[in-house]
2 protein chains.
Amino acid sequence: MAEMRGGENLLFLTDEQLRQGIEAMFFAYRGFTADPDRILATMAYGRAHHRAMHFIARSPGTTVNNLLAILGVTKQSLNRVLRTLIEDGLVESCVGSTDKRERHLTLTEAGAALERKLSDAQRARMRAAYRAAGPQAVAGFRQVLEAMMDPDMRRRYHAIRESET
Amino acid sequence: MAEMRGGENLLFLTDEQLRQGIEAMFFAYRGFTADPDRILATMAYGRAHHRAMHFIARSPGTTVNNLLAILGVTKQSLNRVLRTLIEDGLVESCVGSTDKRERHLTLTEAGAALERKLSDAQRARMRAAYRAAGPQAVAGFRQVLEAMMDPDMRRRYHAIRESET
DNA sequence: CTTGGAATGTCAACAAAGCTGACTTAATAT
DNA sequence: ATATTAAGTCAGCTTTGTTGACATTCCAAG
């Protein structure tokens, strides 16, 4: 434990501590995606579909370009995912009113239902982890994750909250 | 909504808080892998090679079976990665002394050098994040990540440390 | 009004990294 | 002896990413 701050105790910055953090990220991310993945495996969708639906649910009416920036993939890759979701009636794509080049994406009823199902599974694990660790640990968790992001991603991460009305 | 219990404050368990945590994991993981990925993109290797080398570096002499369990992939998938690493002289595979069916994996000089390069890049980001967040936040970060793991993975996560001699 | 550039969509081809299933070889365990 | 285990291999498939080329639509600047 990093205690006794004579001046500063930097033991938490040793290579060994960092390696453990790296491994913790690896193993935890597996858990993080495991539950939605299990659900998705039973249908014709994958993690990419989940991600798209998550951010459409989060920012209804978002544009394709915005989603591209958030997800950090090429439009061809996103388009493939989006096309199947639209074809299957889970996502709706509406031509923009001010700028008719843009497409605004929203979840249909069915899309929202699936998103909720996936989200519920993922949140259940998250909730259990949060509850087990306690509020102070959660605050630290969030701090470290934020510091780990690329600056662009950190901006987008905050932008999502700010766009909430 | 989980609102103000009498004693405990459970505001950190609201769906909104959990969603933010989920998004933080997503964006942070991207940052987490970004630096090694950039290095790997310049050679014929990918993230899978990095992961294999990481855990071989961590547990020198580990067996293929053990690595399979840690990485959570099929032997066919791991074998493809391992084969190229062995062919390129980054990993050495030695027949076991007690059980000759087993292959014990170790990094060669060149393998260790590449692993160090990738690891340095990843640790640099981790160190910056840790330093920015502080030791208490780091402790919380670790606690939440650990609580998020599948029990099997949590065992393995600890086993790696215990196997350190 | 025309034209340049941005936003979107689409086609084709390809690569990384996962998967299943079937099978071999060698060595250990029963 | 036989069954099981560890490792490796072959073939084929899926998901999800990538480039590059190209068409369409539409806003905005000249």
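Note that these values count all heavy atoms, side chains included, but never hydrogens, waters or copies made by symmetry. Protein chains get the first letters and strands the later ones, always in sequence-line order, with residue 1 at the start of each.
B/H104 comes within 4.0 angstrom of no nucleic acid atom, judged by non-hydrogen atoms across all strands. Within 4.0 Å (heavy atoms only), B/T98 reaches sugar-phosphate atoms of the nucleic acid but no base atom. Within the nucleic acid shown, A/R80 comes within 4.0 Å of at least one base atom, counting heavy atoms only.
Taking atom CG of A/L82 as the reference point, atom P of D/dT16 lies 13 Å away to the nearest angstrom. Rounded to whole Å, the distance from CD on A/Q76 to C1' on C/dT8 is 11 Å. Protein atom CZ of B/R47 is 15 Å distant from nucleotide atom C1' of D/dT15, rounded to whole Å. In this structure, A/L105 places its CG atom 8 Å from P of C/dG9, rounding to the nearest Å. Rounded to whole Å, atom C1' of D/dA7 lies 9 Å from atom CG of B/L68. One can place CG of B/N65 at 14 Å from C1' of C/dA27, the figure rounded to the nearest angstrom. If you take CG of B/L40 and P of D/dT18, they are 16 Å apart, rounded to a whole angstrom. With rounding to whole Å, B/N66 atom CG is found 9 Å from D/dA7 atom P.
Looking at which nucleotide of DNA chain C each of A/R83 and B/H49 is closest to, the 5′-most match is held by A/R83. Comparing A/G46 and A/D99 by the nucleotide of DNA chain D that holds the closest heavy atom to each, the one mapping nearer the 5' end is A/G46. Nearest-nucleotide positions on DNA chain D for A/R103 and A/R51 put A/R51 closer to the 5' end.
Residue A/K100 places its side chain closer to D/dC27 than to any other of C/dG9, D/dA7, D/dC27. When the nucleotides D/dA6, D/dG17, C/dT8 are ranked by their closest atom to the side chain of A/S77, D/dG17 comes out on top.
Side-chain contact between A/I39 and A/Y45 is absent, with no heavy atoms from C-beta onward closer than 4.5 Å.
Under a cutoff of 6.0 Å and an axis angle of 45°, B/R161 and B/Y157 form a cation-pi pair.
With hydrogens and angles left out, the side chain of A/R101 and the base of C/dA6 share a donor-acceptor pair within 3.5 Å. For A/K75 and C/dT8, a side-chain-to-base donor-acceptor distance below 3.5 Å is present, hydrogens and geometry of angles not being considered.
Note: B/F55 and A/F27 have tilted aromatic rings, judged against thresholds of 30 and 60 degrees for the angle between ring planes.
Comment: B/E16 engages A/R58 in a salt bridge, judged by a side-chain N to carboxylate O separation of less than 4.0 angstrom. For the pair A/D37 and A/R30, the salt-bridge criterion is not met [side-chain N within less than 4.0 Å of a carboxylate O].
In this structure, B/N79 reaches the D/dT9 phosphate: one of its side-chain N or O atoms is under 4.0 Å from OP1 or OP2. A/T74 has no side-chain polar atom (N or O) that falls below the 4.0 Å cut-off from OP1 or OP2 of D/dG17.
Fit an axis to the five pairs at each end of the helix from C/dC1-D/dG30 to C/dT30-D/dA1 and the two axes sit 20° apart, to the nearest 10 degrees.
Summarising the geometry, atom CD1 belonging to B/I56 is positioned 5.5 Å from atom CG belonging to B/L82; distances are rounded to the nearest 0.5 Å. Atom CG of B/L18 and atom CD of B/E23 lie 11.0 Å apart (nearest 0.5 Å). Atom CG of residue A/L40 and atom NZ of residue A/K117 lie 9.5 Å apart, to the nearest 0.5 angstrom.
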